[in-house]
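Small disclaimer: the values here were computed from a predicted structure and weren't measured.
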Amino acid sequence: MTFSLFIIRKIEEFETQIASFLAHISFYWMGFLILFVFFSLVAFLFGFIYKPFLVKQINFAFSSILSLAFLCFGYINAQKLNIRTIVIKSTKIQKPIRIVFFSDLHAGLMINNKYVNK
């Protein structure tokens, strides 16, 4: 997982579409694994209190389903743009002015030009 970041950056120098495809696979896989480890630890600690949850298959299924659900929710939420319009009224502003601010874009292999233009 750790070396995939360097490998993908090297591939990006030659073929951006392949690098983008590999980035999507490896980054989502890393996200899934991080969530899976977290939920597995939660299920394991929960198993000390409630004995039925000590069954490995239940812990695995619980962690897998919850991780996949969070990953899907994160993907769907990342596709939405949050646009807020704030009107600031002040006597110090002499003429109408428009200020645009955007953050957290992370443009690159995961965020393409189509999304940025949107």
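Heavy atoms of other residues, nucleotides or ligands lying less than 6.0 angstrom from CZ of Phe32 number more than 12.
Put simply, OG1 on Thr85 and CZ on Arg98 are 8.0 Å apart, with the number rounded to the nearest 0.5 Å. From Ile76, atom CD1 reaches atom NZ of Lys80 across 7.5 Å, with rounding to the nearest 0.5 Å. The line from OG of Ser40 to CG of Leu45 is 10.5 Å long, rounded to the nearest 0.5 Å. Distance check, rounded to the nearest 0.5 Å: NE2 of His24 to CD1 of Ile8 gives 10.5 Å. From Ser26, atom OG reaches atom CG of Leu33 across 11.0 Å, with rounding to the nearest 0.5 Å. If you take OH on Tyr28 and SG on Cys72, they are separated by 10.0 Å, rounding to the nearest 0.5 Å.
Apart from Ile88 itself, the hydrophobic cluster it occupies contains Ile86, where clustering links Ile, Leu, Val, Met, Phe, Trp and Tyr at side-chain heavy-atom distances under 4.5 Å.
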Practice prompt. Starting from the C-alpha separation in whole Å, work towards a yes-or-no answer on ring-ring contact (aromatic ring centres under 6.0 Å, His included) for Phe60 and Phe36.
Written response: CA-CA 9 Å; Phe60 181 81; Phe36 181 80; 5.6 Å; yes
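When every heavy atom of Leu71 is checked against every heavy atom of Leu35, the shortest pair comes out as N-CD1, 4.0 Å.
Note: the hydrophobic cluster containing Phe27 also contains Leu68 (ILVMFWY, side chain heavy atoms under 4.5 Å, direct or indirect links). Tracing side-chain contacts under 4.5 Å through hydrophobic residues (I, L, V, M, F, W, Y), one never reaches Phe70 starting from Leu41; they form parts of separate clusters. The cluster map of Ile, Leu, Val, Met, Phe, Trp and Tyr, joined by side-chain heavy atoms under 4.5 Å apart, puts Phe39 and Val37 in different clusters.
A search for ring pair (Phe, Tyr, Trp, His ring centres under 6.0 Å) contacts involving Phe21 returns nothing, not counting sequence neighbours. The ring pair (Phe, Tyr, Trp, His ring centres under 6.0 Å) search around Phe38 returns none, not counting sequence neighbours.
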